[in-house]
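Take a look at the structure below.
Starting from 1, each residue takes its place in the sequence as its number.
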Amino acid sequence: MTRSVDRDERSFRRFLDSKWLKALPGKDSDVGAFPLLERYGESGGARVRGVPLEIAVAYWVRECQRGSQTAAALVWACTTETLERRADHDGIEPFQDWPSEERHD
């Protein structure tokens, strides 16, 4: 998760202790509370802590605020894909001119 924005694990651990994260409502940043997952790769199996999606996204957004162009590109791409998928799912052409009463639903 940290490698995807060209950072190391220490930056994420500092983030978990940050006032910024603690200020967000309902965000449990206790690593011990993260689920323990089995990970299999070339070197065999290993147990790693899974990071909740909301915490990972908050970390990436914080890295955007700190000036990381890589984090900004990742958040941009994820946001674009999510909006495109929602539009496809709902049968909406993205960015078409909608009647005003439909825009606010």
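Residues passing the side chain to side chain donor-acceptor pair (under 3.5 Å) test with Thr80, sequence neighbours excluded: none. Partners of Trp76 according to the ring pair (Phe, Tyr, Trp, His ring centres under 6.0 Å) rule, which considers only residues two or more places apart in sequence or in another chain, do not exist here. In this structure, the side chain to side chain contact (heavy atoms under 4.5 Å, CB included) partners of Arg85, at least two apart in sequence or on a different chain, are Glu81. Residues passing the side chain to side chain donor-acceptor pair (under 3.5 Å) test with Ser11, sequence neighbours excluded: Tyr59.
The environment of Gln69 atom CD is sparse: at most 12 non-hydrogen atoms of other residues, nucleotides or ligands sit within 6.0 angstrom.
Annotation: side chain of Trp60 is not in contact with side chain of Ser68 (no heavy-atom distance under 4.5 Å). In this structure the side chain of Val57 never reaches within 4.5 angstrom of the side chain of Val75, judged on heavy atoms.
Sorted by first and then second residue, the salt bridge (Lys or Arg N to Asp or Glu O under 4.0 Å) pairs with a member in residues 56-65 read Arg7-Glu63, Glu63-Arg66; sequence neighbours excluded.
Of all heavy-atom pairs spanning Phe15 and Ile55, the tightest one is CE2-O, 3.9 Å. The minimum heavy-atom distance between Leu74 and Ser4, with the atom names listed, is CD2-OG, 3.9 Å. Nearest heavy atoms, Cys78 versus Thr82: O-OG1, 2.8 Å.
Rounded to the nearest 0.5 angstrom, Leu16 CG and Arg13 CZ are separated by 7.5 Å.
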